[in-house]
Amino acid sequence: MIYFDTDYNNGLHPQLLERLAETNDRRTIGYGFDEFTISAKEKIRQACQCPEADVFLLVGGTQTNSTVISALLHPVEGVVCADTGHINVHEAGAVEYTGHKVIALPNHDGKVVVEDLVKCLDDFDADPTADHCVRPGMVYISFPTEVGTLYSARELSSIYHTCQRHRIPLFVDGARLGYGLTSEASDVSLPFLANHCDVFYIGGTKVGALCGEAVVFPHGNAPRHFFSIVKQHGALLAKGRLVGVQFDALFTDNLYFRIAEHANKQARRLRSLMVGNGLEAYNDSPTNQQFFIIPNERISELQHEVVFETWGPYDPAHTVCRFVTSWATTDDELEELSAILQRKRSH
């Protein structure tokens, strides 16, 4: 079997594993106050060009989203996102579990468009019964989106300025941030992102790490007692060094970005061979998530040899399927996939 179901279906990048082994016998302080975590945070500040940034290392994406959102919202507020947003469809109601409504807007190729956002916020402000309603208190977007697409610098800037006008924070989910920043289609850099949102996170779990996400409040604007809030949400590791060592390695010699560039390159190759074997691309994703429209009868045939994810029905005879690349995707695996597709097609 070859695996294209996700970008965390393997262990961790060998350089991170090596670094964990090298430091295993060192004694450190717990809860992220160790030397490796301190070093990682400083390297992240330098990469973001935000020397005043507050940086926190959390265990995983769902914990990060629910922790950040609940920490920044008042009890009567909800969070605005695309209807395809991860917090709306794939986190088992984690945000609602903290007592905050997810306010979903129609997605446009996975994205929130500023016109919809402006209407949502302006309509609420103009509503004479607004005090009886859940107040939009934050905007959440993903970069890349859940369907692999990207916000342009102009789109990101417009959304951020809209949030500023309404005095609400913009939170960017960066679970796959590396793949977005290194995409050939991206005009967004890490410093630009840091200057056009109120909080974001740098995903580790899906970009080479065993676990861990780095939350960045780029303007030194973390809410009071955020460390305690993280602990309360079960997102704090006692052995904080586990994440600290990994992020310290990821932000040494551009490893984080080199991992992402490799996955994007392999994704472009995967897309080419899939289309070359008669399968239609579902959208124009320029990142490591690739989506294809596959006839239903071909899906079960492929699943005997290839692991991938069925995303949802396209029509009664076709299903949208997702194929994902990572640091571990090899040329041999792509060649094997090509051979399988050619063999199945000839039948």
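- Applying the under-4.5 Å side-chain rule to Ile, Leu, Val, Met, Phe, Trp and Tyr, the cluster around V147 extends to Y282, F291, I293, W311, Y314, V320.
- The backbone N or O of R268 sits nowhere less than 3.5 Å from a side-chain atom of S272 that would complete a donor-acceptor pair.
- The main-chain N or O of A263 is found under 3.5 Å from a side-chain atom of T325 such that the two form a donor-acceptor pair.
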Can you list the steps and then say if N264 with S183 is a side chain to side chain donor-acceptor pair (under 3.5 Å)?
CA-CA 7 Å; N264 283 341; S183 168; 5.1 Å; no
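- With C197 as reference, V172 is the one residue of V172, L156, V139 to meet the side chain to side chain contact (heavy atoms under 4.5 Å, CB included) rule.
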_Working for side chain to side chain donor-acceptor pair (under 3.5 Å), residues D34 and T37_ = CA-CA 6 Å; D34 58 276; T37 302; 2.8 Å; yes
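- Taking CG of D284 as the reference point, atom CG of D109 lies at 8.0 Å (rounded to 0.5 Å).
- Heavy atoms only, all atoms of each residue included: D116 and P106 are closest at OD2-O, 3.9 Å.
- Heavy-atom neighbours of R154 CZ from other residues, nucleotides or ligands within 6.0 Å: at or below the threshold of 12.
- The distance between the ring centers of F226 and F217 falls below 6.0 angstrom.
- In this structure a side-chain-to-backbone donor-acceptor pair under 3.5 Å is missing from D127 to D123.
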inquiry  = Is there a side chain to side chain donor-acceptor pair (under 3.5 Å) between T145 and T149? Walk through the geometry before answering.
reply    = CA-CA 5 Å; T145 71; T149 52; 2.6 Å; yes
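- Ring centroids of Y151 and F143 are separated by 6.0 Å or more, keeping the two rings apart.
- Checked for salt-bridge contact, R343 and E301 miss the test: no charged N lies under 4.0 Å from a carboxylate O.
- Looking only at distances, a side-chain donor or acceptor of N277 sits under 3.5 Å from a matching main-chain atom of L273.
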Quiz item: Stepwise, does the side-chain contact (heavy atoms from CB on, under 4.5 Å) test hold for V215 with I202?
Solution: CA-CA 6 Å; V215 176; I202 301 168; over 6 Å; no
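- Here the two rings, on F171 and F200, have centers that are 6.0 Å apart or farther.
- Salt-bridge check for D331 with R269: passed, with a basic side-chain N closer than 4.0 Å to an acidic carboxylate O.
- In the displayed structure, Q232 atom CD is contacted under 6.0 Å by at most 12 heavy atoms of other residues, nucleotides or ligands.
- A pairwise comparison of heavy atoms in G137 and P169 identifies O-CD, 3.2 Å as the closest pair.
- Of the candidates Q289, R176, K206, D7 forms a side chain to side chain donor-acceptor pair (under 3.5 Å) with just one, namely R176.
- Salt-bridge formation is detected for the pair K111/E155: a Lys NZ or Arg NE/NH1/NH2 atom is positioned less than 4.0 Å from an Asp or Glu carboxylate oxygen.
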Apply the test ring pair (Phe, Tyr, Trp, His ring centres under 6.0 Å) to residues F308 and F323: give CA-CA distance (whole Å), side-chain angles for both, the deciding distance (0.1 Å), then the verdict.
-> CA-CA 6 Å; F308 56 93; F323 288 67; 4.7 Å; yes
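- The number of heavy-atom neighbours closer than 6.0 Å to OH of Y97, taken from other residues, nucleotides and ligands shown, is 12 or below.
- Under a 3.5 Å cut-off, the side chain of H161 and the backbone N or O of S157 do form a donor-acceptor pair.
- The distance from atom CG of L279 to atom SG of C321, rounded to the nearest 0.5 Å, is 9.0 Å.
- A salt bridge links E42 with R45: at least one charged nitrogen is closer than 4.0 Å to a carboxylate oxygen.
- A 6.0 Å sphere centred on CG of D253 holds no more than 12 heavy atoms belonging to other residues, nucleotides or ligands.
- Evaluation of the side-chain hydrogen bond (donor to acceptor under 3.5 Å, both in side chains) test over residues 74-87, restricted to residues two or more places apart or in two chains, returns D83-N107, H86-E91.
- Under a cut-off of 6.0 angstrom, the local environment of CD in E297 is crowded, with over 12 non-hydrogen atoms contributed by other residues, nucleotides or ligands.
- With 3.5 Å as the limit, one finds a donor-acceptor pair spanning the side chains of E213 and T205.
- Centroid-to-centroid, the aromatic rings of H13 and W327 come within less than 6.0 Å.
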- Message: Quick one, L170 with V199, criterion side-chain contact (heavy atoms from CB on, under 4.5 Å). Give me CA distance, side-chain angles, the key distance, then yes/no.
- Response: CA-CA 7 Å; L170 173 62; V199 55; over 6 Å; no
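- Side chain of H262 to main chain of T329: a donor-acceptor pair is present (N/O by atom type, distance under 3.5 Å, no hydrogens or angles).
- No more than 12 heavy atoms of other residues, nucleotides or ligands shown are found within 6.0 angstrom of OH on Y31.
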Expected list for residues 47-61: side-chain donor-acceptor pairs under 3.5 angstrom, two or more places apart:
| from | atom 1 | to | atom 2 | distance (Å) |
| --- | --- | --- | --- | --- |
| D54 | OD2 | N221 | N | 3.4 |
| D54 | OD2 | A222 | N | 3.1 |

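- Remark: I103 CD1 to L117 CG distance equals 10.5 Å, nearest 0.5 Å.
- No more than 12 heavy atoms of other residues, nucleotides or ligands sit less than 6.0 Å from atom CD1 of I29.
- D187 places a side-chain N or O within donor-acceptor distance of the main-chain N or O of A153, the cut-off being under 3.5 Å.
- Judged by distance alone, with hydrogens and angles left aside, the side-chain atoms of Q290 form no donor-acceptor pair with the main-chain N or O of R322 at under 3.5 Å.
- Salt-bridge check for E35 with R241: failed, with every basic side-chain N at 4.0 Å or more from each acidic carboxylate O.
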